[in-house]
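Just the heavy atoms: all of them, side chains too, but no hydrogens, waters or symmetry mates, feed the values below. What you see is a predicted model, and the numbers here were worked out from it, not measured in a lab.
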Amino acid sequence: MKPISFKRHRFPADVIRQAVWLYFRFSLSFRDVEELMAARGVNVSYETIRCWTIKFGPLIARRLKRRRPPPSPRWHLDEVVCWIGGKRMFLWRAVDDEGEVLDVLVQRRRDTEAALKLLRRLLHNQLVEPETITTDGLASYGAALDQLHLRHLHRPGRLRENNRIENSHLPIRRRERQQLRFKSQASAQRFLTTHAAIYNTFNIQRHLISRPTLRLFRAEAASAWATSAA
C-alpha cells in the first residue's frame, strides 16, 4: 500500500495516528481526546483533532477493511431510529453471525426502497454470497428480497436469532450519546462507516477466549492498525 502522506501538518504523524485511534477506538469526544493528548504533553485543540478524523479516518478504515478476511455468509439485518440534525432518520445495519459489521447506511425512510438499497450494497461489496438473511418482521425486507430473487434465503421475524445484530447496536448508541447525537446525515454516514471498520479490527470478544489468545489477537489488531495507518 502507498504510505499515507502527513505532509503540511504541524504535528508528527505518530501524534495524528494516536489521536485518530483514540477517537474511533473508544467512546470519547474530541475534547476527551484533547485532554488525553495534553496529559501526554501534546497541546492540540479538539478542532484540529476533528479535522484529522475527517481526513485520515476514512482512509485508514478503507485500508483496514481490505485486510479483513471474508465475512460469514449468514447475514443479520436490522434498522433503528435515530435523530440526526433534529430529523427522524433510520440507521440500517448488517452484521454476520460472528458480529462483523458488514455495512451501515443512514436513510430517511423505512420502506422497501431503503431495504433494497442496503441489500444491493451488501451484494455488491461483500466477497461472499449470503446463505441466510435473518431480519425482524419488517415486510420491506421480504419485498426487497423478492425483487432480488433471494426470498428463499430469508428468515424473517426470528427475534432470538436476530439478537446478534440487536446487541451490535449498543456501541453505536453509546457513541451517539457521547456525541450528543449526530449533526447531519453526511457526517453520520462518514463516522459510522469509519467506526465500523475500526470496530471490526478491535472487536476481539474477549469473554470467549483465553488470556494468551487475547494477547495474540490484540497484537494482531495493533499490527493491522499500524500497517494501515502508516
Q: Decide if the gap between the ring center of Phe24 and the ring center of Tyr199 is smaller than 6.0 angstrom.
A: no

Q: Show me the donor-acceptor pairs, under 3.5 Å and distance only, between side chains in residues 216-230 and residues at least two apart or in other chains.
A:
unit_1 : atom_1 : unit_2 : atom_2 : d
Thr227 : OG1    : Ser223 : O      : 2.9
Ser228 : OG     : Ala224 : O      : 2.9

Q: Near Arg68 CZ, under 6.0 Å, is it more than 12 heavy atoms from other residues, nucleotides or ligands?
A: yes

Q: Which word best sums up how the rings of Tyr141 and His154 line up, parallel for under 30°, tilted for 30 to 60°, or perpendicular for over 60°?
A: tilted

Q: Is the backbone N or O of Val104 less than 3.5 Å from a side-chain atom of Gln189, with the two atoms forming a donor-acceptor pair by type?
A: yes

Q: Return the orientation label for the Phe11 and Trp52 ring planes: parallel under 30°, perpendicular over 60°, tilted otherwise.
A: perpendicular

Q: Taking CZ in Phe202 as the centre, count heavy atoms belonging to other residues, nucleotides or ligands within less than 6.0 Å. Is the count above 12?
A: yes

Q: Got a donor-acceptor contact below 3.5 angstrom from the Asp103 side chain to the Ala94 backbone?
A: no

Q: For Leu36, is there any backbone N or O sitting under 3.5 Å from a side-chain donor or acceptor partner on Arg40?
A: yes

Q: Given 3.5 Å as the limit, does a donor-acceptor pair link the side chain of Gln126 with the main chain of Leu102, or not?
A: yes

Q: Can you sort out the partners of Phe56 under ring-ring contact (aromatic ring centres under 6.0 Å, His included), two or more places apart, ordered by chain and number?
A: Phe6, His9

Q: Not counting sequence neighbours, which residues clear side-chain contact (heavy atoms from CB on, under 4.5 Å) with Pro70? List them please.
A: Leu127, Val128

Q: For the backbone of Thr53 and the side chain of Lys55, can you confirm whether one donor and one acceptor N or O come within less than 3.5 Å of each other?
A: no

Q: For Arg175 and Phe26, indicate whether the former's side chain and the latter's backbone hold a donor-acceptor pair under 3.5 Å.
A: yes

Q: Side chain of Glu100, backbone of Pro71: donor and acceptor closer than 3.5 Å?
A: no

Q: Is Glu34 salt-bridged to Arg31, cutoff N-O under 4.0 Å?
A: no

Q: Side chain of Arg110, backbone of Leu91: donor and acceptor closer than 3.5 Å?
A: no

